[in-house]
Amino acid sequence: MNALVEFEAGRLVDLFGQGDTLNIFMFMDMMNMPIDVQDRLFSEISALKYIDKAKVEHIIESHGQSTIHEKLNY
């Protein structure tokens with residue numbers, strides 16, 4: 001596991017423990033995480049019965065890429 005992923009997972013575990021949805025999304029935005037990945041991470045982490053740092057690390061690593069094509073012209 002990469003040190004950055006470990007840090008991000010630890011911070012997300014803390015924020016989920018506080019129930020602070022706004023700061024969860026703000027932190028994921030600061031991680032430069034695409035919006036679609038943020039939504040998937042939030043949903044999967046919220047669905048955990050016990051939010052464990054190791055589980056969150058695996059979720060972060062499994063959703064490392066956006067499913068939205070980066071070259072979409074808005």
- For the pair S43 (side chain) and R40 (backbone), establish whether a donor and an acceptor sit closer than 3.5 Å, ignoring hydrogens and angles. no
CD of Q38 to CZ of F27, rounded to nearest 0.5 Å, is 11.0 Å
Nearest heavy-atom contact between E6 and E57 is CG-OE2, 3.4 Å
**OP:** Let me see the working for F7 and N2 under side chain to side chain contact (heavy atoms under 4.5 Å, CB included), right down to the final yes or no.
**Re:** CA-CA 9 Å; F7 168 75; N2 153 340; over 6 Å; no
Got a list of side-chain donor-acceptor pairs under 3.5 Å for residues 44-55, not counting sequence neighbours?
residue, atom, partner, partner atom, Å
E44, OE1, H63, NE2, 3.3
E44, OE2, H63, NE2, 2.6
S46, OG, F42, O, 2.7
D52, OD2, A54, N, 3.0
D52, OD2, K55, N, 3.2

Sequence neighbours excluded, the answer for side-chain contact (heavy atoms from CB on, under 4.5 Å) partners of M26 is L22, N23
One pair to check against side chain to side chain contact (heavy atoms under 4.5 Å, CB included): L12 and I60. What are the steps and the verdict? CA-CA 10 Å; L12 286 171; I60 291 171; 3.9 Å; yes
Between the CE atom in M31 and the CZ atom in R11, the distance rounded to the nearest 0.5 Å is 11.5 Å
Under a 4.5 Å side-chain heavy-atom rule over Ile, Leu, Val, Met, Phe, Trp and Tyr, are L4 and V37 clustered together? no
dist L41:CG -> M28:CE (nearest 0.5 Å) comes out at 6.0 Å
